[in-house]
Engineer: 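What follows is a single structure, and I will ask about it in a moment.
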Amino acid sequence: MKFALITGLVVGSLAGLGTSSLYRRNFDSNDYYVLHLDRSANPDHIASRLGLRNEGQLGELADHYIFRAPRTDHDVVRKEVQERRRRRSLGDADILDAVKSSHKQKLRAPMQKRTIPPPPRGFFPRQKRVDEADAGALKIQKSVMKSLGISDPIFNEQWHLFNTVQLGHDVNVTGVWLSGVTGKNATVAMVDDGLDMYSNDLKPNYYAFGSWDFNDNRAEPRPTLSDDRHGTRCAGEVSAAKNDVCGLGVAYDSKIAGIRILSKQISDADEAAAMNYDYQHNQIYSCSWGPPDDGRSMDAPGILIKRAMLNGVQKGRNGLGSVYVFASGNGAQSDDNCNFDGYTNSIYSITVGAIDRQGLHPYYSEKCSAQLVVTYSSGSGDAIHTTDVGENQCYSGHGGTSAAAPLAAGIFALALEVRPDLSWRDMQYIALESAVPVDLEAGEWQPTTIGKQYSHTFGYGKIDSYALVETAKTWKNVKPQAWYYSPWLHVKKEIPQGDQGLSVNFKVTEKMLKEANLMRLEHVTVTMNVEHTQRGDLSVDLISPDNVISHISATRKLDKSDQGYDDWTFMSVVHWGESGVGTWTIVIRDTQVNDQKGTFIDWHLKLWGESIDASKATLLPMPTDEDDTDHDVTTTATPTAITTSLSPHPDATNTAVTTSLPDDHPERPVKPSKTNSDSGPSATSTQSATTETTSSSWLPSFLPTFGVSSRTQAWIYGALGLIVTFCIGLGVWLWLVRRKRLRNNPRDSYEFEPLNVDESAGLGGGHEKGTKRRGGELYDAFAGGSDDEEFNDRDHNSLVSADSDDESAEEVPTAQQGSRLLGSQT
Ligand SMILES: *[C@@H]1O[C@H](CO)[C@@H](O)[C@H](O)[C@H]1NC(C)=O
Ligand SMILES: *[C@@H]1O[C@H](CO)[C@@H](O)[C@H](O)[C@H]1NC(C)=O
């Protein structure tokens, strides 16, 4: 088995692809399931038990396999595993116990390209580019071309590389080239709608081995649809060769791969595989796409894609981490904000916005506190001039943040030429360290703790290639990542309307961070639950102990959703370099005085950064499920911090609302750790104290056991059990009806999460303390189960609550599902 796994990995990485990619998918006649299996499980045995065909590992995701079945309407895996769980109480072992989760795959619409959106009504470019070129600049340009032997016919139109009109408004790369740095030995993958490897401008640098077409299941990601031009144009910005065709890529000697995912419907499994494709060699993934920029969407990648991105930063480039570059989005005119997009607000992606050739903010480029830097793109009457589909085709109208992200990716490739040892986090440091603030009057710049300027419009500023490469040359690699998670902080207060807002806070002590091995901050994330009947009315600020403000959420006039924030995670890079110690404040505002009201339910602060002691650093465990991720990681990551946080903090009385901590409001119990790697004994006992478990036996402790076997007890209490279960089922159902929706991301599929040995080991002493619970907490509470009976309860709740595969997550359970829950208990 081990041998097979290792062989699989070796073959997989040798071939530059997961074995599953070798199979052609046919969703017309087949269903596909991604099963996450226990490491010890044999996928072939599982497959034959389920009557499915094992099609191999899912991309580079360890222990995830794609299983094929003839097409049916229902979920055959769930049915089987559910059946198995039902019988599990009888005690016999079964190979299906090794199924940790199952995701039936659905084809869904591809992500949207970030091409130039139509300008807003009544919009005129601020200034046409008709000015005379500067004579001195033209002279310099000529001499650069001569020194480097540049004869590309449109190089002189490529103002973003060398601007002879608005001096200084370019990526300042010619000095880098002159020093001999042109992207050699660096590889960028364009994750897009294809790449024309037969373009004479791209052919010399095309990296076939790292390329794949996930839309048409073939090795060559050649554009086929009339609309498949975006990826090729983006690729030209990075790696168009120095020759007699069109212009130059910013890293014109880099290698360029094409990964095609945007041209047809796709499954989460394939998108996940794409994000890790040939990740030992593809170093940078340039992604100019995402959920709709309509000012209404609030979408995050599905769990498999999230896992793939974490897998990428942990294992890509031999552990240095894949560098994911994302376009911030083009929805600014619809008030869209890149913190409502789960790709751009991921801590694993570098979010890049746009400035135009005059150094101004273009009408489309989104703001957000997750935006790291900006670079040049369309606006002020011009766009990016690059390669197009065709042997010798050029394009002069490329733009939107779609054109900014690849330019940044190409510049990062220059840095990797001089420093291939930079980690994914080093790259973020270098980007912000070397960024140059622009448009100082308009950007609402604010000083940060480390002496930088930050603007939600421009991030830390525009990329200067020369400064970035110089910074890279002498960069001292940062220590591994560490993190501190606060407990869930309960608020449950109505949000007053108007400007004043509701403020809550949480105090982080030096001790907490020391115990979390966290030296200084990089990213800060805040996960929130807010109920509101018109989400777009809300705005949220995060204020650090150093009084630096992140606008983590902003109002959106078009966002009429009544779903509020449902375990949504906002991200900020504004607090980079702060210590994190002190009081963190959230100010939530319901900006519109109207009939639309809401309640701030709870929140969860997460501080990410550089570790104090590298030898104590660990890798973040894979997220297990969209909703449970946070709870899960909390206990794993910062076990001792939870202990500390149990005492009320002294600052609580100074604030508008005192945040309640888990000991006095155990509504939101902490889910127990899934891994035993670093949870010390103190952590374990803390968890059991804060985790609600009904009993260490399946019988409530106040009931007599009659000294008979549990089988007999089962008979005696059978009827009672049924009633209890009915109540639980009803509770879940009512809660579901109320919340209507469990997930932010309708694409997400449900996971089973069997309690494993590690979990049960630490939980023997857990007893339920509180009685009040949010309905939603049933789900979590049962996760703290310490025996099979609870495990079953939890599972069945979950099965019902998330009776969905990729598209039915919003469904309210039917009566039939309710009765399934009942039946499962008998
Ligand atoms: C731009 O590059 C030149 C070298 O070509 C360098 O002297 C200058 O400092 C760079 N600009 C910035 C802001 O670093
Ligand atoms: C190119 O990169 C590979 C792997 O990153 C490295 O082993 C090799 O030495 C590099 N070659 C050059 C010329 O830098």
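Numbering of ligands and ligand atoms starts at 1, following listing order. FYI, side chains are in, hydrogens and waters are out, and symmetry mates aren't considered; it's all heavy atoms of this structure.
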Engineer: Under the 3.5 angstrom rule, does the side chain of Trp445 hit a backbone N or O of Val438 as a donor-acceptor pair?
Structural biologist: yes
Engineer: Between His281 and Tyr279, does the ring centroid distance fall short of 6.0 Å?
Structural biologist: no
Engineer: Do me a favour and list the nearest non-hydrogen protein atom to atom 5 (O) of ligand 1 with residue, atom name and distance?
Structural biologist: Gly175 CA, 3.4 Å
Engineer: Can you list the ligand 1 atoms lying under 4.0 Å from a non-hydrogen atom of Ala467?
Structural biologist: 14 (O)
Engineer: What protein heavy atom sits nearest atom 12 (C) of ligand 1, and how far off is it?
Structural biologist: Asp464 OD2, 3.2 Å
Engineer: Could you check, using the six-membered ring where one of them is a Trp, whether Phe326 and Trp289 have ring centers closer than 6.0 angstrom?
Structural biologist: yes
Engineer: Quick check: Tyr324 with Trp424 (ring centres under 6.0 Å apart)?
Structural biologist: no
Engineer: I want to confirm something. Looking only at heavy atoms, which of Thr174, Leu468, Asn172, Val436 is nearest to atom 10 (C) of ligand 1?
Structural biologist: Asn172
Engineer: Is there a polar contact between ligand 1 and Tyr466, counting only N or O atoms under 3.5 Å apart?
Structural biologist: no
Engineer: Once you measure the plane-to-plane angle for Trp608 and Trp483, does it fall in the parallel (<30°), tilted (30-60°) or perpendicular (>60°) bin?
Structural biologist: tilted
